[in-house]
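Accompanying notes for the structure given below.
When a ligand or atom number is given, it counts from 1 through the structure's own listing order. Nothing here was measured: the structure is a model prediction, and the numbers come from that model.
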Amino acid sequence: MFDALSGKLQQVFKNLRGMGKISDSNVADSLREVRMALLEADVNFKVAREFIEEVRQKAIGQEVIQSIQPGQQIIKIIHDELVNLLGSAHSGLLLDASPSCILLCGLHGSGKTTSAGKLGRYLTRMGKKPLLVAADVYRPAAMDQLDTVGKQVGVPVWVEKGETDVLKIAAHALEHAKTLGANVVIFDTAGRLQIDEPLVQELVRLRDLVKPREILLALDAATGQEAVNVASHFDQALNITGAILTKLDGDARGGAALSLCKVTGKPIKFAGTGEKLDAFEPFHPERMASRILGMGDVVSLVEKAAETVDQEAALRLEEKVRKGQFTLSDFREQLRQMRKLGPLENIVGMLPGGAGMLQGANLSRSEKEFIHMDALICSMTPLEREKPQVLNASRRKRIAKGAGVTVTELNNMLNKFGQLQQMMKKMGKFQKMMGKFNPARGLF
Ligand SMILES: Nc1nc2c(ncn2[C@@H]2O[C@H](COP(=O)(O)OP(=O)(O)OP(=O)(O)O)[C@@H](O)[C@H]2O)c(=O)[nH]1
Ligand SMILES: [Mg+2]
């Protein structure tokens, strides 16, 4: 969803890198472009202004202009500020009571019920025993919806059909949690089109009864500028502990994510990246910043892969990316795993340069293309997979014939692979430059 912002920032970086000498005035020009890009992405104007001011101060303070690689230095400053803007470090959940309650709140359709299920699934995988509570008594189908979601993720749901008093439901649910031995209780509450007094009153009463460790605001990333107001209102009313940014997979411009933390001072704890109940990830500011700046988010990808694919294969990939030894065989393995991993956009978008590759891509066609790519790599000899440089015209003809496609398609595939390989190499260098390279952990 940060595609537009990402594209613009990468253009600015490209210009910065290309400059042999950098002067005050072309730094100012670049920063103006960064500011425009932020504003166009719906970042709150005050936040954008402060961001630029911060970067400018640091750029001057560090005498960047005299340094050997001024462009790179400025890029690093922008990267670090972006991480800051997104909240510095990942904030986990505070779950130290037994049971610990999590209250989900948010506007109508912001993704509370879906996030309740996703969170339940996530916590189960963390070894917790969650219980979901249907505390939306207004929309007739709300309880059934949560019930279905709970069944899908294998998490018990407390439903009291016909009960209209949220406080009674909550009290009964807590008793039920004890019987079940559940240690996290997640309350799915009602939404409103707009935040209003009766809703706030109800949420406050519920909060005072269950004393939640976490009050998480489900916030639709597509709400743009308005998201910041919504978040501020909920925060003032309930003193939220963080947010779940939902629908990050959509075509929203991303301003909400970039402004939220600064404006409310509360962290984004999770991101929802699709309608499916596994499309959910802990929000890591640093990884998100790298994703926005087009450096890809290989760590999240590797984590996701590790969840679905076997751990060893994921570690092998991590190692190869780190060493810049990504070959066509790895590319093929990735293609196969990608197809196991769910929506292609999510996966490719996490790859370095993937966001760019996705732009204007027709995915149903891409799916077919992936099958072709797989067939092409299968038609190669091991040597050709390791060293595509050896592919002369006659080898290319043979491979294309073997895969039942044209040589042009083979050439396209090799181009794509080449780009990906380049990006991965660059990413390795970029991380070293950032000084965040941790060989013990592999990436970042
Ligand atoms: N693409 C995408 N869709 C999502 C995501 N999260 C939720 N949705 C969809 O958004 C719609 C509303 O989600 P719900 O979870 O019902 O939202 P809610 O806040 O519980 O809505 P109310 O209970 O009516 O206030 C559903 O169609 C979900 O499938 C997400 O991360 N990505
Ligand atoms: Mg709901």
Side-chain angles (χ1 to χ4, degrees), residues 1-3 102-122 132-153 155 157-161 164 166 169-170 173 186-196 198-200 202-203 206 215-224 226-227 230-231 233-234 237-238 240 242-254 256-257 260 268-283 288 291 300 304 341-347 349-350 358 363:
M1 76 159 203
F2 290 107
D3 291 354
I102 300 178
L103 192 65
L104 291 175
C105 57
L107 291 186
H108 183 62
S110 59
K112 296 175 292 297
T113 307
T114 312
S115 298
K118 289 176 172 180
L119 203 51
R121 177 183 178 276
Y122 172 81
L132 304 180
V133 182
D136 177 353
V137 295
Y138 300 100
R139 206 161 49 79
M143 293 187 170
D144 293 333
Q145 189 195 350
L146 188 71
D147 204 28
T148 310
V149 162
K151 287 207 173 80
Q152 280 169 4
V153 292
V155 174
V157 184
W158 178 255
V159 178
E160 257 179 88
K161 275 275 182 73
T164 53
V166 171
I169 296 179
I186 303 168
F187 292 86
D188 175 33
T189 64
R192 289 279 204 290
L193 283 174
Q194 297 214 306
I195 182 164
D196 59 21
L199 172 72
V200 168
E202 180 177 296
L203 289 171
L206 184 59
I215 303 174
L216 300 178
L217 173 69
L219 195 68
D220 182 341
T223 355
E226 185 53 21
V230 170
H233 278 142
F234 271 99
L238 291 167
I240 61 172
I244 300 178
L245 202 61
T246 66
K247 310 188 195 180
L248 264 179
D249 51 312
D251 53 5
R253 286 174 286 179
L260 186 92
I268 300 171
K269 297 205 171 186
F270 293 93
T273 55
E275 291 193 34
K276 288 212 187 131
L277 296 169
D278 59 354
F280 187 68
E281 34 183 277
F283 187 85
M288 189 53 81
R291 226 190 272 182
S300 292
K304 197 165 170 59
L341 285 171
L344 218 48
E345 303 101 303
N346 292 0
I347 303 298
M350 283 187 209
L358 273 178
L363 286 176

Considering only non-hydrogen protein atoms, determine which one is nearest to atom 8 (N) of ligand 1 and report residue, atom name and distance to 0.1 Å. Lys247 CE, 3.8 Å
Ligand 1 atoms nearer than 4.0 angstrom to some heavy atom of Thr273 are 31 (O)
Write out the residue and atom name of the closest protein heavy atom to atom 17 (O) of ligand 1, then the distance separating them to 0.1 Å. Gly111 N, 3.0 Å
State whether the side chain of Lys118 and the backbone N or O of Ala279 hold a donor-acceptor pair below 3.5 Å, judged by distance alone. yes
Do the side chain of Ser110 and the main chain of Ala218 share a donor and acceptor less than 3.5 angstrom apart? yes
Can you name the atoms of ligand 1, numbered from 1 with element, that are less than 4.0 Å from a heavy atom of Thr113? 15 (O), 18 (P), 20 (O), 23 (O)
Is the shortest side-chain heavy-atom distance between Asp220 and Leu107 below 4.5 Å? no
Any idea which atoms of ligand 1 are less than 4.0 Å away from a heavy-atom of Gly272? 31 (O)
If you round to the nearest 0.5 Å, how far is CD1 of Ile102 from CG of Leu104? 7.0 Å
Using heavy-atom distances only, which candidate in Ala218, Ser115, Gly274 approaches atom 30 (C) of ligand 1 most closely? Gly274
Please say whether Gln145 places an N or O atom under 3.5 Å from an N or O atom belonging to ligand 1. yes
Lys118 heavy atoms, cut-off 4.0 Å: which ligand 1 atoms fall inside? 30 (C), 31 (O)
Please examine the side chains of Thr114 and Thr246, heavy atoms only from C-beta on, and report whether any two atoms are closer than 4.5 Å. no
I need the Phe187 CZ to Leu216 CG distance, nearest 0.5 Å. 13.0 Å
Please round to the nearest 0.5 Å and tell me the distance separating atom CD1 of Ile215 and atom CG of Leu238. 5.5 Å
Side chains of Phe270 and Ser115: does their closest heavy-atom pair fall under 4.5 Å? no
Within this structure, what is the OG1-CE distance for the pair Thr148 and Met143, rounded to the nearest 0.5 Å? 13.0 Å
Is the closest side-chain heavy-atom distance between Leu248 and Met288 below 4.5 Å? yes
Can you list the ligand 1 atoms lying under 4.0 Å from a non-hydrogen atom of Gly191? 25 (O)
How many angstroms lie between OH in Tyr122 and CG in Asp278, if you round to the nearest 0.5 Å? 14.0 Å
Taking only heavy atoms of His108 into account, list the atoms of ligand 1 that are under 4.0 Å away from them. 22 (P), 24 (O), 25 (O)
Find out whether Leu103 and Thr189 are in side-chain contact, i.e. whether some heavy atom of one side chain is under 4.5 Å from a heavy atom of the other. yes
Taking heavy atoms and a distance under 4.0 Å, where does Lys276 meet ligand 1: side chain, backbone, both or neither? neither
What atoms of ligand 1 come closer than 4.0 angstrom to any heavy atom of Asp136? 23 (O)
Can you measure from CG (Leu132) to CZ (Arg121) and round to the nearest 0.5 angstrom? 13.5 Å
Between Leu248 and ligand 1, find which residue part has any heavy-atom pair under 4.0 Å and reply side chain, backbone, both or neither. neither
Got the closest protein heavy atom to atom 29 (O) of ligand 1, with its distance? Glu275 OE1, 3.3 Å
For the 3.5 Å polar cut-off, considering only N or O atoms, please tell me whether Ala279 and ligand 1 meet it. no
Can you name the closest pair of heavy atoms from Ala170 and Leu206 and give their distance? CB-CD1, 3.5 Å
From atom 28 (C) of ligand 1, work out which of Leu107, Thr189, Thr114, Asp188 has a heavy atom at the shortest distance. Thr114
Atom 32 (N) of ligand 1: nearest protein contact (heavy atom, Å): Asp249 OD1, 2.9 Å
Could you name all protein N, O or S atoms found under 2.8 Å from the Mg ion (ligand 2)? Thr113 OG1
Would Gly109 count as a contact of ligand 1 if the rule is a heavy atom under 4.0 Å away? yes
So which pairs with a foot in residues 133-145 pass salt bridge (charged side-chain N to carboxylate O under 4.0 Å, His left out), sequence neighbours left out? Asp144-Lys161
Which residue owns the protein heavy atom closest to atom 23 (O) of ligand 1, what's the atom, and how far is it? Arg139 NH2, 3.4 Å
Among non-hydrogen protein atoms, atom 25 (O) of ligand 1 lies closest to Lys112 NZ, 2.8 Å
Polar side-chain atom of Thr113 near backbone of Leu146 as donor-acceptor pair, under 3.5 Å: no
